[in-house]
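Here is the structure we will look at, set down as structure tokens.
Here is how names work: the chains are called A, B, and so on, in the same order as the sequence lines, proteins then strands, and each is numbered from 1.
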There are 2 protein chains.
Amino acid sequence: MVTLAEVAQHAGVSASTVSYVLSGKRSISTTTRQRVEQSIRELGYHPNAGARALASSRSNIIALMIPLRTDIYVPVMMEIAIAVATTARTHGYDVLLLTGEEGPDAVRRVTGSGLADAMILMDVELDDERLPLLRSTDQPSVLIGLPADTAGLTCVDLDFGATGALCVEHLATLGHRDVAVIGEAPAVYERHTGFAERTLDGLRRRAKELGLRLLHRPCEGGYDAMAATLARILDERPGTTGFVVQNESAVEPLLALLRQQGRAVPEDVSVVAICPDQVAVQASVRLTSVAIPAQEMGRHAVERLVAKLEGHGGDEVVLIAPELTVRASTGPAPVAS
Amino acid sequence: MVTLAEVAQHAGVSASTVSYVLSGKRSISTTTRQRVEQSIRELGYHPNAGARALASSRSNIIALMIPLRTDIYVPVMMEIAIAVATTARTHGYDVLLLTGEEGPDAVRRVTGSGLADAMILMDVELDDERLPLLRSTDQPSVLIGLPADTAGLTCVDLDFGATGALCVEHLATLGHRDVAVIGEAPAVYERHTGFAERTLDGLRRRAKELGLRLLHRPCEGGYDAMAATLARILDERPGTTGFVVQNESAVEPLLALLRQQGRAVPEDVSVVAICPDQVAVQASVRLTSVAIPAQEMGRHAVERLVAKLEGHGGDEVVLIAPELTVRASTGPAPVAS
DNA sequence: AGTCGCAGTCGAAGCGCTTCGACAACCTAT
DNA sequence: ATAGGTTGTCGAAGCGCTTCGACTGCGACT
């Protein structure tokens, strides 16, 4: 284990000089710098993270708290996590992975121990139990998702309200009057996850403004659940010609079921999905969709956080504007019979 | 920020005593222990991670290196990552998330800086470029996946060879003679990912032993790719009645296409999948499958690693025995026409 | 009664780094 | 020529913890 002192000795300078070469916090003559860098390379020196953290009270670690539930919107979470990790690296930070399991205790532990300099929370509920703690510490943090009360918090999220509105608008423009919403699993609404409720809000509001009839049904993923849900919808509103789907794992089952019932997409019914682009493209019908910009969300979150850590940039809510991409699953409403 | 010294003063003991109360490395009288614990609670003390790491040269952090590619077997990776994180916590470790992006450099950085005490590598290729480094440091590590040469390494993986064999056996028992394998994307084979090649090996070997004809085709996920692949297979081997699928995102497209072509599952053709149970259960036909035990793999990996860190347990290859669950997608081969 | 061992506690020496103040050497302006 | 400012370097003081050796009583041996 090579230490700073050894590098210093090897280069014939003092330890502090080596430190300044590394941090760039004081000017160093070119010759000295080069000599030191040379020694660092020759000796294969790596600064010790613990010592650094102790002396500077900065760990250069960002904690990322991901939801424990592995059953829901997994690819999105994964993509965000990876985007966070890679973006963090470009700013010189590493990422500590926390699962929701510990709940608020994890927040306490991490802030208390100085393990991480800051944290990013995912899967934020409207009235999340971690928020009071977060507000009470001076630990910089960013939420991915939008709680009910954003006062004193920095949040990054897709504008799900606008997303809902956009879906309705698209279907309305095509002449659809009866629209069904296939939502997330009931559990997601029960724990008041912001994005699901906001989407629904946006859908309802815009539908009302445009005079559409809207039927919302939560739906577990999978074929059987989707079959039951679809049957109920068509029973209640036989004239439904437009679908908005906000549950990745219901998309393919829905398409299969529609096909099976002889309803052609997009000739007879139109389907708009809210999902990552990859899902939309890989489906059996290329889906008109509003993308969930997972990477962008992860990147933004880290960038806000780094800004905070560097002193500039305060609390702020970043809502990413939704974009609807028209593909092959939506078309004009069939002429009413 | 409360320090050890403050706790010590508050409790009327020396700093070292507090330290020993915390670590349990020396015996402490019950009364002293209680007094110290009381002070810790009252002051809300949290040991400083950096100081601890510096003094003890142990960070209590495990690094987890996940593949950067988000396009492939994502849910499995996510599930493993979460299992690693939660299992690590139960042993008092936190998890640092590294993406494959940095490659071998990440290994160097982490071992060099003492940031982590040990590491877990996922998505190991047969001839992985990180292995030489791993062998040359004394940093404990565990691989999830199996490289070509396991000498001096600890590995945890599903026994993919046996998995392949098991799939073939099941189909053979049902009387199928012509079996097609829908494999992972070509890129997966090109970079010599162990699990894909081993599965193929197992499939081929057992098929040969049992006298089956086997046709292997790599396949990108998604509907279009699957359509093209299926067409080629049926063109080349019209008598194919058994399918083994090892690409989650090809499963549903395959089922849809078969249905569309009037081939009933399981009456006309049987399908065996290699995928997490959740996928098998949620598919439009409940799939006979060999489960990928993601959680178990993550848990095992951490437990091996902790054993190593505590000094017992050396290098070892843990191959998890595959289990095939019969569901609704396989049945007797149709009588030959 | 004297000795040994052990449980329980303390003091002090670091762990490897950052950072502050000091200082020497040099370069301008006056 | 001198005061003042820069620039580059160094020494030393920690950061908060762990851990080693040493010390003090005490009960259990001979």
Side-chain angles (χ1 to χ4, degrees), chain A residues 1-37 39-40 43-61 92 94 109-117 309, chain B residues 1-37 39-40 43-61 92 94 109-117 309:
Chain A
M1 187 90 301
V2 187
T3 70
L4 225 219
E6 290 169 335
V7 174
Q9 191 174 0
H10 185 273
V13 298
S14 76
S16 48
T17 301
V18 177
S19 179
Y20 287 123
V21 166
L22 251 27
S23 69
K25 293 191 180 174
R26 285 203 183 170
S27 51
I28 298 286
S29 69
T30 315
T31 58
T32 305
R33 184 199 320 299
Q34 285 172 349
R35 203 140 36 82
V36 169
E37 281 166 353
S39 297
I40 288 178
L43 300 178
Y45 169 70
H46 285 268
N48 181 87
R52 222 170 220 206
L54 176 56
S56 64
S57 20
R58 317 251 283 97
S59 63
N60 285 300
I61 289 181
D94 272 297
R109 193 166 58 84
V110 166
T111 63
S113 67
L115 225 191
D117 295 333
L309 284 167
Chain B
M1 186 94 298
V2 187
T3 71
L4 226 217
E6 290 169 336
V7 173
Q9 190 175 1
H10 185 272
V13 296
S14 76
S16 47
T17 300
V18 177
S19 179
Y20 287 124
V21 167
L22 251 27
S23 68
K25 292 191 180 174
R26 286 203 183 171
S27 51
I28 296 286
S29 69
T30 316
T31 57
T32 306
R33 183 199 321 299
Q34 285 173 349
R35 203 139 36 82
V36 169
E37 281 166 353
S39 297
I40 288 178
L43 301 179
Y45 169 69
H46 285 269
N48 181 86
R52 220 169 222 207
L54 176 57
S56 65
S57 16
R58 317 248 283 96
S59 63
N60 286 299
I61 288 181
D94 272 298
R109 193 164 58 85
V110 166
T111 65
S113 66
L115 225 191
D117 295 334
L309 284 167

Answer yes or no: is there a side-chain heavy-atom contact under 4.5 Å between Y20(B) and V13(B)? no
Taking all heavy atoms of G44(A) and all of V2(A), pick out the closest pair and write down the distance. O-CG2, 4.3 Å
Which heavy atom in A53(B) sits nearest to a heavy atom in G50(A), and how many Å separate them? CB-CA, 4.0 Å
Starting at the 5' end of DNA chain D and moving along, which residue's nearest nucleotide shows up first, T17(A) or L54(A)? T17(A)
Nearest 0.5 angstrom please: H46(B) NE2 to T3(B) OG1, how far? 14.0 Å
With a non-hydrogen cut-off below 4.0 angstrom, is L4(A) in contact with a base, only sugar-phosphate, or nothing? base
Contact class for S16(B) (heavy atom, under 4.0 Å): base, sugar-phosphate, or nothing? base
Length of the line joining [X]:[atom1] and [N]:[atom2], which is rounded to integer Å:
X	N	atom1	atom2	answer
R58(B)	dT19(D)	CZ	P	9 Å
Q9(B)	dC10(C)	CD	P	13 Å
L22(B)	dC17(D)	CG	P	9 Å

Taking atom types as they are modelled, would you say the side chain of R26(B) forms a donor-acceptor pair with the base of dG21(D) within the 3.5 Å cutoff? yes
Confirm from the modelled atom types if R52(A) and dG16(D) form a donor-acceptor pair under 3.5 Å, side chain to base only. no
[N], OP1 or OP2 - any side-chain N/O from [X] closer than 4.0 Å?
X	N	result
K25(A)	dT18(C)	no
S29(B)	dT9(C)	yes
T32(B)	dT9(C)	yes
S14(A)	dC10(D)	yes
S19(A)	dT18(C)	yes
S27(A)	dT7(D)	no

Residue met sooner reading DNA chain C from 5', once Y20(B) and N48(A) are mapped to nucleotides: Y20(B)
Walking DNA chain C from its 5' end, the first of I28(B) and H46(A) to be reached, judged by nearest nucleotide, is I28(B)
